[in-house]
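Hydrogens, waters and symmetry mates are skipped; everything else that's a heavy atom, side chains included, is used.
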Amino acid sequence: MAAEPGRPRPVAVEARGWGWRHAGRRAWALRGVDLRVAPGERVLVLGPSGAGKSTLLTALAGVLDPAAAEEQEGELLLDGVAARAARGRAGLLLQDPQSQLVMARSGDDVAFGLENTAVPADRIWPRVDAALETVGFPYGRDRATAALSGGEAQRLALAGVVAMAPGLLLLDEPTANLDPEGADVVLAGVRRVLDASGPTLLVVEHRVAPWLPLVDRVVVLAPGGGVVADGPPSRVLTGSVGTALAADGVWVPGREPAPPPRTPPPPGAALLEAADVTHRHAKGAPPRPYGVSLTLHAGEAVSVTGRNGAGKTTLSLALGGLLRPTGGTVTATAALGPDRRPLWRWRAAALAARVGTVFQQPERQFLTGRARDEVALGPRRAGVPEQEALARADELLERLGLGRLARANPHTLSGGEQRRLSVATTLAAAPAVLVLDEPTFGQDARTWAELVALLRGLLDAGTAVCAVTHDRAFVDALAGRELRLP
């Protein structure tokens, strides 16, 4: 059995004219990337949605398979060794944390990597406990991974990375699904890891401001291109450079999009009624949510907020008719449909035509091999003529910045692009009620503003919008009611 490694040696990163084109895609995800990161340096990676930020991180972690690329070029090196051959040196937190969880118990999941690298058994659990504490995981080792919320899963996946003490720490939107308090805990945890073991850090985030005190340098990528800005945050994010980056969609502090104030009209007819909704994910588990009553009206926006684990996603699934709550009911009014049964008992076609749901993990709702077909699928199933269905799809794809990706496989899109595609597929069916789970996840400033404008237009046209979100600016932009779960 190998001895447990001591303090990890920080890794040097180098890209030499590196580029990657995903299989089946015409456009390059990244091309001509020239980049050097010194050992122990802390770098914030920015760029518009679809700029290849996640592709770069997964390539540095050595998990991109060259056999799956349409084309690649150049070199990507860790301490002078090809990244794929040196992948044991890097620890990666993926954009979708659920895809990293492999064990049924939380403690076992964090221990999985340690066990597979022959860390002595008597040292595994102290490292597991320290990692869980560092990221602010709110439960003990025995918590079932299947019972975790999206934000809780994000912290657990980060604990698994931290426990490995990598020389290169790669974080892909580590606070995106966290409530503000949880994000602060994770930021503090990352700071402790950096101060204690000094790994090289590359972090991708759209929440720029909280990370600036932790990083030495900002690198900005262009879609299909390479590095377009590189330097200290004070230089890259200010002056004419910062102005140009903001115009390209990069979230620059102080230059965030500011939609004009909205005065919502009086709500219309009641469409959906939730009465005392309670759900337990397992026998004996605490109810999440507990006793929620809510009425959604035509033309009304309701933002559901609260701490991670409060039951926001569970509530959204119940409101969408996709989950049978263990207590209470969700029913439609006569203004929405004639069926008086609980919503979860409706036929799928009738439900999709009246209530549209955008999942927290958008890839779980993709059914076809092309983005355009994905958006047109709902109208086709509803009997909309083919040309009209395709016209709806094309309009939505263009509005949400996905027109160039109409022929792309939905599963090859970036996280932010997948989120917008999932919104487009739901809107194409023109439901009277729209339930969204973290709709602004992974969006750059331009796509965020377009999404807000699109939803405001739907509200003005009489659609009811219920959004689960941690995005305070988004809550303010919708200018509706806020339901905060305890």
Side-chain angles (χ1 to χ4, degrees), residues 49-50 54 94-99 149-150 153 172-173 176-177 206 303-304 312-317 319-323 348 351-382 389 392-444 446-455 457-458 463-471 474 478:
S49 178
S54 296
L94 294 171
Q95 203 169 53
D96 176 14
Q98 297 282 359
S99 63
S149 71
D172 196 351
E173 303 217 39
N177 283 327
H206 284 293
S303 297
V304 180
K312 301 183 298 297
T313 291
T314 302
L315 177 62
S316 73
L317 294 174
L319 292 174
L322 303 175
L323 175 80
L351 183 64
R354 292 170 174 81
V355 182
T357 302
V358 173
F359 295 172
Q360 191 176 62
Q361 287 85 32
E363 68 278 4
R364 295 186 178 182
Q365 62 192 99
F366 297 148
L367 301 172
T368 74
R370 297 198 311 176
R372 191 188 194 207
D373 291 335
E374 195 69 40
V375 182
L377 182 63
R380 284 169 174 161
R381 287 183 170 178
R392 285 191 198 180
D394 291 341
E395 179 185 0
L396 285 166
L397 289 172
E398 286 298 331
R399 283 206 65 179
L400 292 170
L402 299 170
R404 64 185 176 83
L405 299 169
R407 298 175 61 86
N409 187 308
H411 293 280
T412 68
L413 304 183
S414 73
E417 291 165 346
Q418 286 185 340
R419 169 64 68 215
R420 298 199 302 281
L421 180 61
S422 66
V423 172
T425 60
T426 304
L427 296 185
V433 176
L434 190 59
V435 182
L436 309 165
D437 196 344
E438 297 289 358
T440 60
F441 168 83
Q443 301 311 305
D444 63 42
R446 287 187 301 187
T447 57
W448 183 93
E450 184 57 44
L451 187 59
V452 167
L454 185 58
L455 292 176
L458 291 171
T463 302
V465 175
C466 180
V468 169
T469 184
H470 293 300
D471 185 342
F474 180 68
L478 291 187

Closest heavy-atom pair and its distance - [X], [Y]:
{"X": "Val358", "Y": "Leu436", "answer": "CG2-CD2, 3.4 Å"}
{"X": "Leu421", "Y": "Ala371", "answer": "CD1-O, 3.9 Å"}
{"X": "Leu94", "Y": "Ser99", "answer": "CD1-OG, 3.4 Å"}
{"X": "Pro431", "Y": "Gly356", "answer": "CB-N, 3.5 Å"}
{"X": "Ala389", "Y": "Pro379", "answer": "CB-CB, 3.8 Å"}
{"X": "Gln365", "Y": "Thr425", "answer": "NE2-OG1, 3.9 Å"}

**Request:** For Glu450, look at atom CD and say whether over 12 heavy atoms of other residues, nucleotides or ligands are found less than 6.0 Å away.
**Result:**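 It does: Glu450 CD has more than 12 such atoms within range.
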Distance (rounded to the nearest 0.5 Å) between [X] [atom1] and [Y] [atom2]:
{"X": "Ser49", "Y": "Gln418", "atom1": "OG", "atom2": "CD", "value": "10.0 Å"}
{"X": "Leu402", "Y": "Asp394", "atom1": "CG", "atom2": "CG", "value": "11.5 Å"}
{"X": "Thr426", "Y": "Phe359", "atom1": "OG1", "atom2": "CZ", "value": "8.0 Å"}
{"X": "Thr463", "Y": "Leu434", "atom1": "OG1", "atom2": "CG", "value": "7.0 Å"}
{"X": "Arg399", "Y": "Leu427", "atom1": "CZ", "atom2": "CG", "value": "9.5 Å"}
{"X": "Phe441", "Y": "Gln360", "atom1": "CZ", "atom2": "CD", "value": "9.0 Å"}

**Asked** Pairs in or reaching into residues 400-409: which pass salt bridge (Lys or Arg N to Asp or Glu O under 4.0 Å), with residues at least two apart or in two chains?
**Response**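 Residue pairs passing salt bridge (Lys or Arg N to Asp or Glu O under 4.0 Å), neighbours aside: Arg404-Glu417.
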Got [X] and [Y] here, is their nearest side-chain heavy-atom distance under 4.5 Å?
{"X": "Glu438", "Y": "Thr469", "answer": "yes"}
{"X": "Asp373", "Y": "Arg380", "answer": "yes"}
{"X": "Thr440", "Y": "Val452", "answer": "no"}
{"X": "Arg420", "Y": "Leu451", "answer": "no"}

**Request:** In sequence, state the C-alpha distance, the side-chain angles, and the governing distance for Phe474 and Leu455, and then conclude on side-chain contact (heavy atoms from CB on, under 4.5 Å).
**Result:** CA-CA 11 Å; Phe474 180 68; Leu455 292 176; 3.6 Å; yes
**Request:** Could you list the residues that satisfy salt bridge (charged side-chain N to carboxylate O under 4.0 Å, His left out) with Glu374, not counting sequence neighbours?
**Result:**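 If we apply the salt bridge (charged side-chain N to carboxylate O under 4.0 Å, His left out) test to Glu374, skipping adjacent residues, there are no hits.
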**Message:** I'd like to know whether Leu478 forms a side-chain contact (heavy atoms from CB on, under 4.5 Å) with Ser303, so could you lay out the CA-CA distance, the side-chain angles of the two residues, the decisive distance to 0.1 Å, and finally the verdict.
**Reply:** CA-CA 8 Å; Leu478 291 187; Ser303 297; 4.2 Å; yes
**Asked** Looking just at side-chain N and O atoms, do Arg419 and Gln443 make a donor-acceptor pair shorter than 3.5 Å?
**Response**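 No, no side-chain donor-acceptor pair sits under 3.5 Å.
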**Request:** Could you check Leu315 against Val468 for side-chain contact (heavy atoms from CB on, under 4.5 Å), going step by step and ending with a plain yes or no?
**Result:** CA-CA 9 Å; Leu315 177 62; Val468 169; over 6 Å; no
**Message:** The test is side-chain contact (heavy atoms from CB on, under 4.5 Å); show your working for Cys466 and Val433 and say whether it passes.
**Reply:** CA-CA 8 Å; Cys466 180; Val433 176; 5.8 Å; no
